[in-house]
Amino acid sequence: MRYDLVIFDNDGVLVDSEPISNRHLAAYLTELGHPTSYEDSIRDYMGSAMHRIHELMLERTGQRLPDDFDDVFHARVFAAFERELQPVTGVAGVLEKLAADGVPYCVASSGSHARIRVGHRTTGLDRWFPEERIFSSEDVGRGKPAPDLFLYAAQRMGVAPERCLVVEDSPLGVQAAVAAGMTVYGFTAMTPAEKLADADQLFSSMGELADLLV
């Protein structure tokens with residue numbers, strides 16, 4: 001194995017949550033008087049920490065989102081997760097391979113700890129990710145595209161940044177990994193390849209990723 005740590009993004013990489021969460025985000029923003037399509041949400045917010053949604057809306061409209069925006073949004077999304085969420089096809093096989101090969105791995109997500117845990121519990125991925133392997137943008141001051149979260153995860157796992165591989169599916173995540181000085185593989189299942197052009201390697205299925213990790 002060429003790397004001492006594999007860092008997975010969560011939404012869209014481990015759990016197939018991006019369609020669900022962006023559908024609800026677009027609907028909620030529209031409900032609040034900020035017309036937003038599903039495509040708008042994917043383009044503008046995929047891979048973002050919650051604080052970035054607030055910042056972009058304030059910058060664009062001059063209006064602040066309601067104080068309870070995060071709580072209401074998370075309640076809606078978590079309820080949808082319980083009904084609909086599935087693991088990304090083939091990701092369990094990748095995790096089995098890493099575990100069998102003794103390669104350390106973790107998750108570093110823009111989502112909250114609660115969001116990560118709901119998703120993992122619902123999909124059965126919680127067996128692969130104990131507490132000490134879960135890192136959230138809540139743990140650092142700045143979310144992606146800042147490198148802080150990936151650097152924090154590497155430091156907590158005891159691995160130098162240059163020995164880390166990040167698996168990401170959003171342009172913001174790829175930017176963060178590059179800024180952290182890590183190798184990054186871009187997952188193109190939902191994101192056009194040209195938007196992940198700064199990644200070191202692109203792949204379109206978890207089967208391809210398993211082969212790349214040999």
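Worth knowing before you read on, the calculation uses all heavy atoms, side chains too, and leaves out hydrogens, waters and symmetry mates.
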Query raised in the report: Between Phe129 and Tyr105, is the gap from one ring center to the other below 6.0 Å?
Result: yes

Report task. Among Leu165, Val103, Val159, find the residue that satisfies the side-chain contact (heavy atoms from CB on, under 4.5 Å) test when tested with Asp4. Result -> Val159

Query raised in the report: Taking atom CD1 of Ile42 and atom CG of Leu25, what is their separation to the nearest 0.5 Å?
Result: 9.5 Å

Query raised in the report: Do Ser109 and Arg115 have a side chain donor and acceptor closer than 3.5 Å?
Result: no

Report task. Identify the heavy atoms of Lys144 and Asp9 that sit nearest to each other, and give their distance. Result -> NZ-OD1, 3.0 Å

Query raised in the report: What is the distance from atom CE of Met206 to atom CG of Leu14, rounded to the nearest 0.5 Å?
Result: 7.0 Å

Query raised in the report: So, Asp139 and Arg156, do they make that salt bridge, N to O below 4.0 Å?
Result: no

Requested in this report: Fit a plane to each ring of Tyr28 and Phe69, take the angle between them on a 0 to 90° scale, and name the class: parallel (under 30°), tilted (30 to 60°) or perpendicular (over 60°).
Outcome: parallel

Query raised in the report: Does the side chain of Thr191 come under 3.5 Å of the side chain of Asp169 through a donor N or O and an acceptor N or O?
Result: no

Query raised in the report: Would you call Arg121-Glu82 a salt bridge at under 4.0 Å N-O?
Result: yes

**Report entry** Exceeds 12 heavy-atom contacts within 6.0 angstrom, atom CG of Asp68
**Finding:** yes

Query raised in the report: CZ of Arg83: more than 12 outside heavy atoms within 6.0 angstrom?
Result: yes

Query raised in the report: Going by distance alone, is a donor N or O of one side chain under 3.5 Å from an acceptor N or O of the other, for Tyr45 and Arg52?
Result: no

Query - From Met190 atom CE to Met46 atom CE, the distance as rounded to the nearest 0.5 Å - result: 5.0 Å

